[in-house]
Amino acid sequence: MSETAEPYVGKTLTERTYAVTDSALADYYNGLDLIARNDALVPTMLASDAENGYFNEIAYPNHVGHLWMRQEIESFGSLALGETYAIEGSIRDIYQHRDRSVVQYQAEVKNASGTILMRTQHHQSFLREKPAGGEVRFRNPAKKPGARKFGPPAGEPIDELTRTITLEMCGEYFHGDANYHTDRKKSEQLGFRDVVVGGRMTLAYATHILEQFYQEAWWKSGRLVAKFTNPTWPNDTVTVRIAENGRVGDRLRTFVWMTKADDTVVLVAEASADHSTTMLR
């Protein structure tokens, strides 16, 4: 892709392959400070990591200030350690959101027989103009219009998980690569005041708690729509919580949200899975 090329709706992305390795699993669990599963089920966000290679094919030339906006996931089966999968993608939509252009691209992870195991819809945002002075500025979370509309369902959360995300954890999760999620100089080049904890990393805590709740039903029938509401920085302490959100047909719905220690909302998500196969803890 040339430096002046721009994404367009309908663009077919390069077919790629993705292998699930021991080192990838180790980076995932060590980077998140989580205990590895003792079964053969591969974490959801490790499978979603397969789409990461498409960035240069979907990006606008101006990378300053680019951020995740939304992520949608449909799961139809688990990946397996040691296996290699085909990844296919295309740009489905481009739309405007405030001062950003958002590229929505789809990726499908398929096994050797062509069966789709995961489909993602990723919404990656790009500033239309470089910010004055070169630094990306964020609104005060408490002063955002509608900042409180993401209230969780009534009642106590049924589970929660708290972690302090360090720079070292970011480095492990992103496999030691030097980028704006792991390296301050790289982040400053994109207009950020500090390393930006990757949306793929914070969302991994949300999918982890969903995996714990739905168990195997999540890999067979899980659906997720997540919205990122505020950036996360190294040394932020975040808590992800889950609450039941009613049933529709055969699906048990849940609401997932992540907050910082000062109650700033990091992300909110609605999820569901086929409850006829769900064995709740």
Side-chain angles (χ1 to χ4, degrees), residues 32 34 37 39 41-49 51 68-79 92-93 97 102 104-109 115-123 141 144 146-163 199-230 232 238-260 263-281:
L32 296 173
L34 294 174
R37 298 183 64 89
D39 56 25
L41 295 169
V42 172
T44 306
M45 287 308 293
L46 200 66
S48 176
D49 191 47
E51 75 179 36
W68 282 31
M69 293 286 292
R70 290 165 58 93
Q71 180 79 348
E72 303 169 36
I73 295 174
E74 295 177 90
S75 185
F76 308 103
S78 174
L79 276 60
R92 306 303 299 272
D93 193 14
H97 181 77
V102 183
Q104 176 190 350
Y105 65 100
Q106 175 178 286
E108 293 181 336
V109 182
T115 300
I116 299 173
L117 298 179
M118 175 176 286
R119 180 184 293 118
T120 62
Q121 302 283 345
H122 184 69
H123 301 243
K144 287 184 179 181
R148 298 188 179 279
K149 69 181 180 181
F150 299 118
E156 292 297 316
I158 52 180
D159 201 1
E160 66 179 49
L161 173 70
T162 299
R163 290 292 186 275
R200 194 175 304 281
M201 190 173 181
T202 51
L203 187 55
Y205 285 117
T207 56
H208 176 77
I209 207 169
L210 288 165
E211 291 162 359
Q212 296 292 100
F213 176 71
Y214 287 112
Q215 300 183 49
E216 289 192 22
W218 177 253
W219 281 270
K220 295 177 181 177
S221 62
R223 296 176 191 166
L224 169 77
V225 178
K227 180 175 181 179
F228 298 87
T229 56
N230 287 288
T232 304
V238 296
T239 298
V240 59
R241 298 178 174 90
I242 184 173
E244 287 193 31
N245 199 23
R247 298 171 185 260
V248 175
D250 289 334
R251 303 189 69 81
L252 171 62
R253 301 187 303 168
T254 49
F255 189 89
V256 183
W257 67 107
M258 179 181 287
T259 58
K260 299 184 186 183
D263 292 330
T264 297
V265 179
V266 173
L267 69 83
V268 293
E270 291 185 325
S272 67
D274 184 347
H275 71 79
S276 66
T277 60
T278 301
M279 296 178 62
L280 302 182
R281 292 178 304 154

Side chain of Ser75, backbone of Met118: donor and acceptor closer than 3.5 Å?
no
Please say which of Glu51, Gln71, Glu72 ends up in a side chain to side chain contact (heavy atoms under 4.5 Å, CB included) with Gln121.
Glu72
Let me confirm one number: the OG-CZ distance from Ser48 to Arg119, rounded to the nearest 0.5 Å.
13.5 Å
Which heavy atom of Pro157 sits nearest to which heavy atom of Arg241, and what is that distance?
CG-CD, 3.8 Å
Should Val268 and Phe255 count as side-chain neighbours, where that means a heavy-atom distance under 4.5 Å?
yes
In the structure I gave you, are the side-chain heavy atoms of Phe213 and Ile158 within less than 4.5 Å of one another anywhere?
yes
Looking only at heavy atoms, the pair that brings Ala269 and Leu224 closest together is CB-CD1, 3.5 Å
Taking all non-hydrogen atoms of both residues into account, name the closest pair between Ser221 and Asp274 and its distance.
OG-N, 2.9 Å
Tell me the closest heavy-atom pair linking Leu32 and Arg163, and the distance in Å.
O-NE, 3.8 Å
Mind checking the CD1-CG spacing from Ile73 to Leu203? Nearest 0.5 Å is all I need.
5.5 Å
Between Arg251 and Arg223, does a side chain to side chain contact (heavy atoms under 4.5 Å, CB included) hold up when you go through it step by step?
CA-CA 10 Å; Arg251 303 189 69 81; Arg223 296 176 191 166; 3.4 Å; yes
Quick check for you: to the nearest 0.5 Å, what is the distance between Met69 atom CE and His123 atom NE2?
9.5 Å
Which distance, rounded to the nearest 0.5 Å, do you find between the CG of Leu267 and the NZ of Lys227?
12.0 Å
Check step by step if side chain to side chain contact (heavy atoms under 4.5 Å, CB included) holds for His208 and Leu161.
CA-CA 9 Å; His208 176 77; Leu161 173 70; 4.0 Å; yes
Please report the shortest heavy-atom distance between Phe76 and Ile116, naming the atom on each side.
CB-O, 3.4 Å
Please verify the inter-ring angle class for Trp218 with Tyr214; under 30° counts as parallel, over 60° as perpendicular, anything in between as tilted.
parallel
So, does Glu270 use its side chain to make a donor-acceptor pair with the main chain of Ala226 at under 3.5 Å?
no
Flag side-chain contact, heavy atom, 4.5 Å: Glu244 against Leu252
yes
To the nearest 0.5 Å, what is the distance between CZ (Arg200) and OG1 (Thr207)?
10.5 Å
Going from OG1 on Thr254 to CG on Asp159, what distance comes out if it is rounded to the nearest 0.5 angstrom?
11.5 Å
Please list, chain by chain and in numerical order, all residues satisfying ring pair (Phe, Tyr, Trp, His ring centres under 6.0 Å) with Tyr205, sequence neighbours excluded.
none
Would Leu210 and Val256 satisfy side chain to side chain contact (heavy atoms under 4.5 Å, CB included), going step by step from the backbone distance to the final call?
CA-CA 8 Å; Leu210 288 165; Val256 183; 3.7 Å; yes
Without swapping roles, check the side chain of Asn230 against the backbone of Val265 for a donor-acceptor pair under 3.5 Å.
yes
With heavy-atom distances below 4.5 Å as the criterion, would you say the side chains of Arg253 and Val248 are in contact?
yes
Please determine whether side chain to side chain contact (heavy atoms under 4.5 Å, CB included) holds for the pair Thr162 and Val238, giving the CA-CA distance in whole Å, both sets of side-chain angles, and the decisive distance to 0.1 Å.
CA-CA 6 Å; Thr162 299; Val238 296; over 6 Å; no
Side-chain H-bond candidate by donor/acceptor type, Gln104 with Arg92, under 3.5 Å:
no
Donor-acceptor under 3.5 Å (Thr229 side chain, Val266 main chain):
yes
